[in-house]
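Residue numbers begin at 1 in each chain, while the letters A, B, ... track the order of the sequences.
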Amino acid sequence: MHAYRTHTCAQLTKDDVDQSVRLSGWVHNKRDHGGVLFVDLRDHYGITQIVADSDSEALPVLEKLKLESVVTIDGTVKARDAAAVNANLPTGEIEVFARSIEVQSRASDLPLIVNSAEDYPEDIRLKYRFVDLRRERVHANIMLRNQVIQSLRRRMTDQGFSEFQTPILGASSPEGARDYLVPSRLHAGRFYALPQAPQMFKQLLMVAGFDRYFQIAPCFRDEDLRADRSPEFYQLDFEMSFVTQEDVFNTIEPVLAGVFEEFSGGKSVTPAGEFPRIPYAEAMLKYGSDKPDLRNPLIISDVTEHFTSSGFGLFEKIVGGGGRVRVIPAPNTHEKSRKFFDEMNDWARKEGFAGLGYVTRKQGEFGGPIAKNHGTEGMEKLYAELGLGENDGLFFAAGKEKDAAKLAGAARTRVAEELGLIEEGCFKFCWIVDFPMFEWDEDLKKVDFSHNPFSMPQGEMEALETQDPLDIKAWQYDIVCNGYELSSGAIRNHKPEIMYKAFALAGYSQEEVDANFSGMIEAFKLGAPPHGGSAPGIDRIVMLLADEPNIREVIAFPMNQRAQDLMMGAPSVVSPKQLRELNIQLSPKAREATEAARSGESTDMNTNATVRDEDPQAQDG
RNA sequence: GCGGGUGUAGCUCAGUUGGUUAGAGUAUCGGCCUGUCACGCCGAGGGUCGCGGGUUCGAGUCCCGUCACUCGCGCCA
């Protein structure tokens with residue numbers, strides 16, 4: 001007999017009755033009736049009920065054992081009486097009568113309970129993540145993640161992509177997010193940078209002639225966190241040679257639609273080949289966002305023209321100053337109280353906007369200060385143009401174009417949520433296309449790249465030479481699903497002369513380009529195919545499929561919002577010897593902070609991870 | 001860096017207008033219980049009300065500051 005098990009905890013059925021079996025697992029739950037004891041024994045696969053009574057030598061041991069201890073049970077499979085069958089359990093028709101027990105690992109008091117769905121504070125869950133991960137929901141999320149990755153891999157290899165690894169210790173480059181840096185021991189004062197994405201390497205793989213690359217690539221960005229953002233995350237990074245934007249779309253739509261259909265649990269998914277394509281400018285106008293949630297039926301309109309002259313002085317003034325007025329319909333709000341509208345305005349102010357105006361309409365009657373001042377005739381004209389009905393309210397976002405769009409976008413979401421208009425049970429994909437190549441940098445008062453500088457401008461050299469830089473579009477595209485940006489990609493600029501020209505428009509000299517991007521530029525001078533790709537975010541995909549509110553629920557060992565690993569105690573203080581080897585000296589401020597951590601001056605609960613560091617019990621060698 | 005929310009027993013939470021000894025469930029410990037599957041019953045222990053200061057005869061409750069977690073803005077594709 002195997003040392004630990006003959007079956008898993010999900011395997012035994014009525015067909016196995018009377019068999020002698022050996023099971024191993026965690027003590028999930030106990031029900032002690034004095035003379036008879038029931039134990040739910042759990043492993044990765046499932047739960048089997050173990051029974052022990054006074055005839056069993058296992059009884060006194062199990063009685064004393066705490067939950068989550070690990071045991072091996074030798075016993076006999078018994079059929080349960082009809083009345084005792086548990087229909088909720090795949091193994092519910094049988095139980096195992098324990099003849100003997102071996103305790104593999106004795107658990108002490110638990111910081112959180114595995115057999116309950118109760119929510120625990122996230123810092124406790126993260127500190128004891130190995131226990132948290134035993135719980136049904138998180139365990140299932142991590143398994144879902146595994147399946148999604150397997151499926152993505154299969155779908156990519158089926159389409160002729162090859163998987164390659166790229167370096168983790170790379171060179172820092174000036175554009176993009178803040179790099180995580182790793183000091184070099186052999187080269188004093190120099191640093192490696194962890195990849196924000198394997199961008200240059202995947203392009204160089206195309207230059208190297210591999211034609212179709214993909215990788216489940218770890219990416220690192222040292223920026224502040226959000227619910228859908230972690231400092232380290234994974235992308236389905238891919239790149240293809242000799243392709244147009246259309247080819248990239250046709251390749252990746254079936255992969256994403258396919259994997260979503262496979263794991264959506266019955267939710268509808270935008271079919272491959274039917275992802276709507278929304279130009280960036282249109283997205284900003286109609287949805288107030290470059291990652292619109294298409295489950296939200298509300299569409300923003302620009303009504304600036306109606307307020308060039310208006311009794312409503314505030315809007316007239318904004319319009320006169322070059323600003324825009326955008327509106328968000330609030331359908332069928334005739335029965336909403338004034339409070340509803342006022343609270344929307346309060347919300348907008350709390351969000352840092354100047355305020356959200358509104359017009360109410362009940363049985364054709366307009367209400368609210370904007371309607372009063374603008375006049376019934378003007379309002380009717382506006383409503384007719386927008387196709388609004390006699391019971392539809394209207395919210396107004398006014399200001400500089402960027403601010404008005406942003407407020408309108410936030411209000412569109414808020415209004416739809418308040419009115420329950422967001423369609424449920426679906427994944428709605430779209431492409432955002434035609435991103436501007438350049439934008440005006442208000443701080444530096446100059447033209448700068450609005451996205452990745454390696455994207456090919458639409459119209460290529462001719463566009464750069466003849467058009468206003470701010471009018472030039474890039475072959476740059478995002479995939480958006482339910483309001484989340486899942487992927488960003490581009491057809492790359494593989495021509496050095498266009499690269500130099502594009503950088504020149506953004507104010508960078510050829511020498512600067514050569515200095516910062518020498519590898520790429522050199523490569524493009526030695527025979528580079530036209531190529532493009534994208535990189536869907538794996539964590540966000542799994543988060544959406546698992547219907548979780550944040551990315552940490554689908555990461556086995558996530559960091560908290562301050563980029564700490566509460567379980568392992570990262571980032572940690574290192575020894576003076578390590579620092580000396582790296583030729584690194586701490587600043588006085590850093591010395592003070594690390595001294596405080598060492599002497600345990602700070603006694604708040606978040607130093608617990610560090611305390612655990614020093615607990616030999618907690619070290620796993 | 002900024003704004004919102006939260007912080008009361010190991011955990012989940014209640015705690016009235018500022019008023020007696022801060023409660024419940026769960027977990028833990030002890031006792032009882034031979035068919036449970038969220039087993040049940042009896043009992044016990046467990047509290048710096050995040051921390052510091054203030055107002056007050058009196059603060060879990062009000063005020064100021066601060067810390068932690070979290071959501072968002074800035075930042076970031």
_Can you tell me if A/K406 touches the phosphate of B/G74, counting only side-chain N or O atoms and a distance under 4.0 Å to OP1 or OP2?_
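So the side chain of A/K406 is within the cut-off, an N or O lying under 4.0 Å from OP1 or OP2 of B/G74.
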
_Any side-chain to backbone donor/acceptor pair from A/R80 onto A/G92? Under 3.5 Å, distance only._
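Flag set: sc A/R80 to bb A/G92 pair under 3.5 Å.
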
_Secondary structure of RNA chain B in dot-bracket form (Watson-Crick or G-U wobble, distances below 3.5 Å, | marking inter-strand pairs)_ = (((((((..((((.....[...)))).(((((.......))))).....(((((..]....))))))))))))....

*For RNA chain B, determine which residues of residues 219-229 of chain A have any heavy atom closer than 4.0 angstrom to one of its atoms, and list them numerically.*
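Per residue number, the list reads A/R221, A/E223, A/D224, A/R226, A/A227, A/R229.
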
_Once rounded to the nearest 0.5 Å, what's the spacing between atom CD of A/E223 and atom CG of A/D179?_
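If we round to the nearest 0.5 Å, A/E223:CD and A/D179:CG are 9.5 Å apart.
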
*Report yes or no: is the cationic atom of A/K78 (NZ for Lys, CZ for Arg) closer than 6.0 Å to the six-membered ring centre of A/F97, at no more than 45° off its axis?*
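Yes - A/K78 lies over the ring of A/F97, closer than 6.0 Å to its centre and within 45° of its axis.
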
Under-3.5 Å N/O pairs linking protein and nucleotides 36-40 of chain B:
from	atom 1	to	atom 2	distance (Å)
B/U36	O4'	A/H33	NE2	3.2
B/U36	O2'	A/R31	NE	3.4
B/U36	O2	A/R31	NE	2.5
B/U36	O2	A/R31	NH2	3.2
B/U36	O2	A/Q49	OE1	3.4
B/U36	N3	A/Q49	OE1	2.9
B/U36	N3	A/Q49	NE2	3.0
B/U36	O4	A/Q49	NE2	2.8
B/U36	O4	A/R80	NH1	3.3
B/C37	O4'	A/R31	NE	2.9
B/C37	O2	A/Q49	OE1	3.4
B/C37	O2	A/N86	ND2	3.0
B/C37	N3	A/R80	NH1	2.7
B/C37	N4	A/R80	NH1	3.3
B/C37	N4	A/A84	O	2.3
B/C39	OP1	A/N29	ND2	2.8
B/C39	OP2	A/N29	ND2	2.4
B/C39	OP2	A/R31	NH1	3.1
B/C39	N3	A/H33	ND1	3.4
B/C39	N4	A/D32	O	2.1

*Where do A/Y180 and A/P231 come nearest, in terms of heavy atoms and distance?*
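A/Y180 and A/P231 have their closest heavy atoms at OH-CB, 3.3 Å.
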
*Compare every heavy atom of A/L256 with every heavy atom of A/I479, then report the nearest pair and how far apart it is.*
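Heavy atoms of A/I479 and A/L256 come nearest at CD1-CD1, 3.4 Å.
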
*May I have all residue pairs that pass side chain to side chain donor-acceptor pair (under 3.5 Å) and include part of residues 52-67 of chain A, sequence neighbours excluded?*
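Residue pairs passing side chain to side chain donor-acceptor pair (under 3.5 Å), neighbours aside: A/K66-A/D109.
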
*Can you tell me if CZ on A/F449 sees more than 12 non-hydrogen neighbours from other groups inside 6.0 Å?*
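It does: A/F449 CZ has more than 12 such atoms within range.
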
*Quote, to the nearest angstrom, the P distance that separates B/G60 from B/G50.*
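So the two P atoms sit 10 Å from each other.
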
_Rounded P spacing from B/C39 to B/A27 in Å_ =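 The same atom, P, in both gives a distance of 8 Å.
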
*All ring-ring contact (aromatic ring centres under 6.0 Å, His included) counterparts of A/Y120, not counting sequence neighbours*: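 None.
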
Donor-acceptor pairs under 3.5 angstrom involving side-chain atoms of residues 549-559 of chain A: please list them, not counting sequence neighbours.
from	atom 1	to	atom 2	distance (Å)
A/N550	OD1	A/R552	N	2.8
A/N550	OD1	A/E553	N	3.3
A/R552	NE	A/E122	OE2	2.5
A/R552	NH2	A/E122	OE1	3.1
A/R552	NH2	A/E122	OE2	3.4
A/E553	OE1	A/R125	NH2	2.9
A/E553	OE2	A/R125	NH1	3.0

